[in-house]
There are 2 protein chains.
Amino acid sequence: MAETQQGRDAGTAQRALDVAEALAQTRGFNGFSYAHVAAGLGITKASLHYHFPGKAELGEALITRYSERFAGALARIDDERPAARDRLEAYIELYADVLNGRRMCLCGMLAAEYETLPASMADAIIRFFDANQAWLTGVLEGGRADGTLSFTGDAGEAAQAVIGTLEGAMLIARPYHDLSRFHAAARRLLDGFT
Amino acid sequence: MAETQQGRDAGTAQRALDVAEALAQTRGFNGFSYAHVAAGLGITKASLHYHFPGKAELGEALITRYSERFAGALARIDDERPAARDRLEAYIELYADVLNGRRMCLCGMLAAEYETLPASMADAIIRFFDANQAWLTGVLEGGRADGTLSFTGDAGEAAQAVIGTLEGAMLIARPYHDLSRFHAAARRLLDGFT
DNA sequence: GTCTATAGGCAGATAGAC
DNA sequence: GTCTATCTGCCTATAGAC
């Protein structure tokens with residue numbers, strides 16, 4: 001009961017998700033197997049099947065937990081940062097943290113592979129991006145209303161642009177092993193709202 | 001000898017690259033097999049091994065040909081479009097054409113998977129992005145010099161931002177099956193240089 | 001250049017004991 | 001919950017005939 005999302009006392013299912021998540025974010029969903037996850041946990045493939053009947057279910061659980069964690073982070077930003085510009089900066093920092101762990105955004109990675117994924121996973125990926133866009137749209141509209149964020153056109157479209165820019169910056173920074181590449185893109189993105 | 005890049009009289013190796021390219025751009029490098037390519041060609045897996053000893057060599061050939069074709073397109077833009085802004089628009093159109101074929105940029109896709117790829121492929125991906133950045137940097141510097149493109153900071157950094165934005169816009173537009181999502185991002189990108 | 005046949009390995013998955 | 005054992009299928013790759 002008192003288990004946290006990635007705590008050291010987490011159950012096997014949660015620890016399996018931790019291992020699978022790291023693999024999916026670095027190698028892609030088609031780049032890891034039950035054997036990889038089981039080895040990372042120190043159990044057998046058969047035991048892993050007890051917790052997740054198939055790879056599709058594991059993948060769905062992966063996206064669900066990731067989306068919930070992201071939603072929690074956004075709620076925390078709402079609580080702690082009243083200013084629209086601070087919220088946007090904190091949002092970018094979320095991505096920077098993921099990249100700092102040498103990982104791609106889980107849903108950005110899965111977006112690349114979406115044609116090979118079970119429909120349930122593809123749907124969940126869309127919902128992740130929709131939720132991000134909705135939150136960002138609110139932030140941008142708020143910033144425009146109080147004059148702290150300046151941009152042209154539809155706020156929802158601007159929100160899409162923010163997400164795309166950050167995902168693209170992560171995608172390319174990774175093979176270069178260059179964090180500063182991401183930060184330069186992030187700075188330019190923020191400057192665009194001045 | 002008189003074979004074109006994707007002509008109907010192309011040899012088996014070229015046609016194999018055509019099929020493999022489409023698969024890699026839609027499913028990723030870990031999302032297709034020799035069996036898929038061979039089936040698409042109407043030959044056996046063993047025959048495909050005659051042309052490409054292993055999947056690594058096939059992958060290298062894929063990136064090489066893609067990079068050369070891209071370089072050719074950039075050279076054509078240089079020839080046909082003297083104005084910096086027109087060049088930038090034509091560059092964006094290159095990406096739009098790829099996405100219009102329901103494909104991801106080959107090197108954007110491979111960038112996501114790079115941790116699972118042979119080192120030779122990872123190196124070739126970096127060279128692709130370097131070449132694009134170099135070309136774009138020249139375009140941006142030219143536009144800034146003659147006053148037709150306006151942007152802040154280092155031109156090379158701005159070029160990186162352009163590539164990242166376009167790759168990210170493609171990545172996310174695909175699962176939505178929404179071309180307009182890409183075009184909206186492209187328009188915002190261009191407007192940013194006004 | 002293409003084929004049949006085959007090798008060896010790993011994939012996802014299940015049955016059934018403990 | 002975790003194990004051993006096993007299944008089926010697909011993977012990359014090779015040998016050798018045509």
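Keep in mind that the numbers below use all heavy atoms, side chains included, and drop hydrogens, waters and symmetry copies. Numbered from 1 within each chain, the chains take letters A, B, ... in sequence-line order. All figures in this text were calculated on a predicted structure; none of them were measured in a lab.
A salt bridge between A:E89 and A:R81 is absent, with no side-chain N of the basic residue lying under 4.0 Å from a carboxylate O of the acidic one.
A donor-acceptor pair under 3.5 Å links the side-chain atoms of B:E57 to the main chain of B:G54, judged by distance alone.
At least one side-chain heavy atom of B:K55 sits less than 4.5 Å from a side-chain heavy atom of B:F32.
Nucleotides of DNA chain C nearest to A:G54 and B:G42 differ in position, and the one nearer the 5' end is that of B:G42.
In this structure, B:L58 atom CG and D:dT12 atom C1' are separated by 12 Å, rounded to whole Å. One can place CD1 of B:I43 at 6 Å from P of C:dC3, the figure rounded to the nearest angstrom. Spacing between atom CZ of B:F52 and atom P of D:dT14 amounts to 16 Å, rounded to whole angstrom units. Distance NZ (A:K45) to P (C:dA11): 7 Å, rounded to an integer number of Å. Note: NZ (A:K55) to P (D:dC10) measures 16 Å, nearest angstrom. One can place CZ of B:R15 at 12 Å from P of C:dG1, the figure rounded to the nearest angstrom. When rounded to the nearest whole Å, the span between CG of B:N30 and C1' of D:dC10 equals 15 Å.
The side chain of B:H51 contributes an N or O atom lying less than 4.0 Å from OP1 or OP2 of C:dT2. The shortest distance between the side-chain N/O atoms of A:S33 and the OP1/OP2 oxygens of C:dC10 is not below 4.0 Å. The phosphate of D:dT2 has neither OP1 nor OP2 within less than 4.0 Å of any side-chain N or O from A:Y50. Listed pair B:S47 / C:dC3 meets the phosphate criterion, a side-chain N or O lying under 4.0 Å from OP1 or OP2. Remark: B:Y34 is not in phosphate contact with D:dT12, judged by side-chain N or O atoms under 4.0 Å from OP1 or OP2. Listed pair A:T44 / D:dT4 fails the phosphate criterion, with no side-chain N or O lying under 4.0 Å from OP1 or OP2.
Between B:M121 and B:L110 the shortest heavy-atom distance is CE-CD1, 4.1 Å.
Backbone-only engagement by A:F32 is indicated by non-hydrogen atom pairs under 4.0 Å involving sugar-phosphate atoms exclusively.
Listed nucleotides: C:dG12, D:dT14, D:dT12. Nearest to the side chain of B:A46: D:dT14. Here C:dT14 is the nucleotide among C:dT2, C:dT14, C:dA11 with the atom lying nearest to any side-chain atom of A:H49.
For A:H183 and A:Y95, the distance between ring centers is not under 6.0 angstrom.
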